[in-house]
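Source: prediction; values computed, not measured.
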Amino acid sequence: MSRSRFFPVRSLCFGAALAWLAPLAQADGCPTPGQWQVAGGKTLTTADLMAKLAGAEVVLLGERHDRLDHHRWQLHTLAALHAHRPQMMIGLEMLPREAQPALDAWVAGELDEAAFLEQSDWRRAWGFDPDLYLPILHFARMQRIPLLALNVTPALRGRLASEGWEAVPEQQRFGITPPAPARPAYRASLAAIYAEHAARDGDPADLERFIAAQLIWDRAMATALADAAADGTLVAGLMGEGHLADGDGVPYQLDDLGLGEHRSLQPWTPGPDCQPPAARADALYVLGDESAFQPPEPPRLGVLIGEHAEGVLVQGIAPGSVAEAAGLAEGDVIVTAAGRPMTQPADLIAVIGRQVPGTLLPLEIRRGGERQEVLARFPPPAN
């Protein structure tokens, strides 16, 4: 699928100006915090880089979802981009299309934090601590920058991956078209993620459904970004770094949609060897050591989960995990957690996210046609 290009003169100049944004190489000296590293180990200031990036149609800001310093970097970068391109939108992987009315009401000043989190169904839809994202949301509200829900629900991704595109009515697909097939390296990386949780003798069809769902995820976000950028608006998309590394994921789907003027940015905390991350981006922002301010690691059950008519399906167990110690097994269906009915994976993610270290979580499961209760014991906080 392709679409007509806008502002051809700007696009031509922009492409020439950013010709140096190629795969990163090792620098002779380690850059200092606050600098951006680009091709060949070159460094730029924020002012220099933003002046060039402001000509893009889409700028993708990668993150690790639980890293406070990544979200602070995103906020500062958004503010710098906005100074150059006031006609701007901020796209969020965190919420599905159904949350768009809540985002619109938030930006318009019609909701307080509690009402926004409830109406957007944040905790079920995303599960990560909203406090990590609220400074960005408040920045958008203060500047009246439109917020855009990029995602779709796990249920829709699951239907498209399992039943096929023809089984889902077009009006329920939000204009999303079938994704471009994954390149071999991206497919291999997705297979490796799946293998971390899947059983050794897992069904190959499950792997194919997992990869298909991830591609649908990428395509859904790319479609929303491309549609929003069609009128000349700069769209900055916030998403997990796995969705943009090495030009795969969302950037690859944007190319397939005909939107070529996009750039991917990532934060980077250099180690002792100052080696840039293996997963490449167009530019890396150098962070200092912010570990003293990082919240504690969120609790993890250690399961690969999916949709099921009766609850949440356990598709794989991580070795040495809380789930393994509790006796959970592949094929179990989690019916309730802490007494709450589980209707979709997001329900379980939300409950786990609120679990206090050192406590027990009662889970009611269905195994072999029978219900039973297991207790998941979460380790106490580290000293």
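Between Leu78 and Met88 the shortest side-chain heavy-atom distance falls below 4.5 Å. A heavy-atom distance below 4.5 Å is not found between the side chains of Leu313 and Glu307. Side-chain contact between Val322 and Pro379: present, with at least one pair of heavy atoms (C-beta onward) separated by less than 4.5 Å. Under the 4.5 Å side-chain criterion, counting only non-hydrogen atoms from C-beta, Val235 is not in contact with Glu57. At least one side-chain heavy atom of Gln344 sits under 4.5 Å from a side-chain heavy atom of Arg124. Put simply, the side chain of Leu137 reaches to within 4.5 Å of the side chain of Trp106, judged on heavy atoms. Taking the side chain as every heavy atom from C-beta outward, Gln37 and Lys42 never approach each other to under 4.5 Å.
Residues Glu63 and His65 bring a donor and an acceptor atom of their side chains to less than 3.5 Å of each other. Side chain to side chain, Gln87 and Thr233 meet the donor-acceptor criterion of an N or O pair below 3.5 Å. In this structure, a donor-acceptor pair under 3.5 Å is present between the side chains of Tyr186 and Asp218. Donor-acceptor pairing under 3.5 Å is recorded for the side chains of His262 and Asp255. Side-chain contact check for His70 and Gln266: no donor-acceptor pair (N or O, by modelled atom type) lies under 3.5 Å. Between the side chains of Thr177 and Arg219, at least one donor N or O lies within less than 3.5 Å of an accepting N or O. For the residue pair Glu330/Gln315, the side-chain donor-acceptor check at 3.5 Å is not satisfied.
Side-chain N or O atoms of Asp246 include one that pairs as donor or acceptor with a backbone N or O of Arg280 at under 3.5 Å. Between the Gln100 side chain and the Leu147 main chain, a donor and an acceptor come within less than 3.5 Å of each other. Asp227 places no side-chain N or O within 3.5 Å of a backbone atom of Ala224 that could act as its donor or acceptor partner. A donor-acceptor pair under 3.5 Å links the side-chain atoms of Gln74 to the main chain of Leu61, judged by distance alone. Between the side chain of Arg97 and the backbone N or O of Leu150, at least one donor-acceptor pair lies under 3.5 Å. A distance-only check finds no donor-acceptor pair linking the side chain of Asp48 to the backbone of Leu44 [under 3.5 Å]. The main-chain N or O of Pro181 is never found under 3.5 Å from a side-chain atom of Arg187 such that the two would form a donor-acceptor pair. The main-chain N or O of Pro299 is never found under 3.5 Å from a side-chain atom of Gln355 such that the two would form a donor-acceptor pair. At distances below 3.5 Å, at least one donor-acceptor pair connects side-chain atoms of Gln253 with backbone N or O atoms of Ala180. Within the 3.5 Å criterion, the main-chain N or O of Leu360 finds no donor-acceptor partner in the side chain of Arg377.
Atom CG of Leu225 sits about 10.5 Å away from atom CD of Glu93, to the nearest 0.5 Å. Atom CD of Gln214 and atom CD1 of Ile193 lie 7.0 Å apart (nearest 0.5 Å). Taken from CG in Leu301 to CD1 in Ile352, the straight-line distance is 4.5 Å, to the nearest 0.5 Å. Rounding to the nearest 0.5 Å gives a distance of 14.0 Å between CZ of Arg159 and CZ of Arg157. How far CD1 of Ile176 is from CG of Leu257: 10.5 Å, rounded to the nearest 0.5 Å.
There is no path of hydrophobic side-chain contacts, each under 4.5 Å, that joins Ile216 to Phe210. In the hydrophobic clustering of ILVMFWY residues, with side-chain heavy atoms under 4.5 Å counting as a link, Leu92 and Leu234 come out together. Residues Met142 and Leu75 are members of separate hydrophobic clusters, defined by side-chain heavy-atom contacts under 4.5 angstrom among Ile, Leu, Val, Met, Phe, Trp and Tyr.
A cation-pi arrangement is absent between Arg141 and Phe116 under the rule of less than 6.0 angstrom and at most 45 degrees off the ring axis.
Among Leu60, Leu53, Leu244, Leu284, the one residue that satisfies the side-chain contact (heavy atoms from CB on, under 4.5 Å) test with Leu265 is Leu53.
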Go through it in stages, so that I can follow the logic: the residues are Leu103 and Leu95, the test is side-chain contact (heavy atoms from CB on, under 4.5 Å), and I'd like the CA-CA distance, side-chain angles, deciding distance and then a yes or no. CA-CA 9 Å; Leu103 288 171; Leu95 294 174; 3.8 Å; yes
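Nearest heavy-atom pair across Ala323 and Ile317 is CB-CD1, 4.1 Å. The two residues Gly288 and Thr269 have their closest heavy-atom pair at O-CG2, 3.9 Å.
Note on ring orientation: taking the six-membered ring where Trp is involved, the planes of His82 and Phe139 are perpendicular (angle over 60°, cut-offs 30° and 60°). Using cut-offs of 30° and 60° on the angle between ring planes, the pair Tyr285 and Trp36 is perpendicular.
Taking the six-membered ring for Trp, Trp122 and Tyr133 have ring centres closer than 6.0 Å.
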